[in-house]
Amino acid sequence: RDQPRSRGLGDVYKRQAHSRRNQRVDTSERAAREIFGVAGTAGINFDQYDAIEVVRTGLAPGDEVPELTSFAMLTHPPWLSANVARMRYIRPTPIQRHAIPLALRGFDIMCCAQTGSGKTAAFLTPIACSFGNASQADMRYFSGRDAARPLALVMAPTRELALQIHQEACKLCFGSGHLCVCVYGGASASSQLALLAKGVDILVATPGACVRQCAPVFVRACATHVA
């Protein structure tokens, strides 16, 4: 009984595929306001955050990586610099200060920090930096029969967290042509496949939905270099 359903979803995927090469990136101020909203002042008390002890373990001698003391230190592609400014990221939180430079150096890292400490930006910023100035729209080799090939895969335990991560990813990638898609349960599979058919660079998914909806015919991890 699964095969007819798979063929039906595949048809949805193929119908949507023909238009993805002609997508245009909307960088208008109206589009920016819609995704970023009205930016307020930063609500984090950085003096209290800086008082928290941070412990690094697992680095071999000679692998020391300096902390990131300001987002201005990063080598951003122009679109990412503009988005960081829109999000009012200036002074990194402790988790960002340590995780971002380590990730950019290619280390596999595991981080633990309290809620509201900026963990999402800590792992999404290096992903966005890794895309560089290249237009992923020019790097997608899609035909109607191809599967989407995300460059980064983010797994989230709940739908709510997946949607939150997806929203932040869309903000960081605004105006770049890089596409972010969120796949989760309790929503229309055909509408999510329609988004995948347009291409995906950052795929955010819950585990169950990733298994059910990201079948090899729709998504392949051959190009994924961050997970």
Side-chain angles (χ1 to χ4, degrees), residues 9-10 12-37 76-84 86-87 103 120-121 123-156 159 161-185 187-206 209-210 212-227:
L9 293 178
V12 170
Y13 189 91
K14 291 178 182 178
R15 285 198 302 270
Q16 294 291 330
H18 75 280
S19 64
R20 54 192 160 197
R21 291 186 184 274
N22 298 320
Q23 295 177 88
R24 300 183 64 181
V25 179
D26 187 355
T27 59
S28 66
E29 284 303 315
R30 178 180 178 181
R33 287 194 299 270
E34 288 179 355
I35 191 170
F36 291 98
H76 291 149
W79 52 266
L80 183 55
S81 297
N83 293 335
V84 166
R86 289 186 178 104
M87 298 171 78
T120 302
F123 65 79
L124 285 180
T125 301
I127 291 174
C129 283
S130 72
F131 290 163
N133 292 307
S135 171
Q136 285 304 120
D138 295 333
M139 295 171 62
R140 299 188 186 100
Y141 303 102
F142 284 125
S143 70
R145 298 184 300 273
D146 288 336
R149 297 179 176 90
L151 297 180
L153 172 63
V154 180
M155 301 297 294
R159 175 177 60 182
L161 183 56
L163 289 170
Q164 174 190 326
I165 294 171
H166 174 255
Q167 183 181 39
E168 294 304 301
C170 289
K171 290 179 180 178
L172 283 172
C173 292
F174 174 76
S176 67
H178 298 283
L179 302 179
C180 309
V181 176
C182 188
V183 175
Y184 54 91
S188 168
S190 59
S191 63
Q192 293 180 1
L193 287 173
L195 293 174
L196 289 173
K198 296 177 182 179
V200 54
D201 298 306
I202 298 179
L203 175 60
V204 184
T206 55
C210 188
R212 290 191 302 272
Q213 291 161 227
C214 297
V217 69
F218 303 130
V219 177
R220 293 179 182 172
C222 59
T224 305
H225 65 271
V226 182

J.: Measure the shortest side-chain to side-chain distance between K198 and V181 over non-hydrogen atoms and say whether it is less than 4.5 angstrom.
T.: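 A side-chain contact is absent here, since even the closest heavy-atom pair is not under 4.5 Å.
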J.: For T125 versus A121, what's the shortest heavy-atom pair and its separation?
T.: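 Taking every non-hydrogen atom into account, OG1-O, 2.7 Å.
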J.: Within this structure, what is the CG-OG1 distance for the pair L161 and T120, rounded to the nearest 0.5 Å?
T.: 6.5 Å
J.: Within a strict 4.5 Å, meaning less than it, do heavy atoms of the L196 and L203 side chains meet?
T.: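 A side-chain contact under 4.5 Å exists here.
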J.: Please tell me if the side chains of L80 and F131 come closer than 4.5 Å, counting only heavy atoms from C-beta onward.
T.: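 With C-beta onward as the side chain, the pair stays apart.
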J.: If every non-hydrogen atom of W79 is compared with every non-hydrogen atom of S176, which pair is closest and at what distance?
T.: CD2-CB, 3.3 Å
J.: Give, for atom CD of Q167 and atom CG of L172, the distance between the pair rounded to the nearest 0.5 Å.
T.: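 Answer for the CD-CG pair, Q167 versus L172, is 11.0 Å.
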J.: What's the spacing between L124 CG and C173 SG if we round to 0.5 Å?
T.: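 Rounded to the nearest 0.5 Å, the CG-SG separation comes out at 8.0 Å.
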J.: Evaluate the ring planes of F174 and F36, with Trp represented by its six-membered ring, and classify them as parallel (under 30°), tilted (30 to 60°) or perpendicular (over 60°).
T.: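 F174 and F36: perpendicular rings.
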J.: For residues A209 and G185, report the shortest heavy-atom separation together with the two atoms involved.
T.: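 Closest approach of A209 to G185: CB-N, 3.7 Å.
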J.: So how far is it from H178 NE2 to C170 SG, rounded to the nearest 0.5 Å?
T.: 13.0 Å
J.: To the closest 0.5 Å, what do you measure between OG1 (T206) and CG (L163)?
T.: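 It comes to 9.0 Å.
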J.: List the atom of A187, the atom of Q192, and the distance in Å for their closest heavy-atom pair.
T.: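 For A187 versus Q192, the nearest heavy atoms are CB-NE2, 3.4 Å.
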J.: Taking atom CD of E168 and atom CG of N83, what is their separation to the nearest 0.5 Å?
T.: 11.0 Å
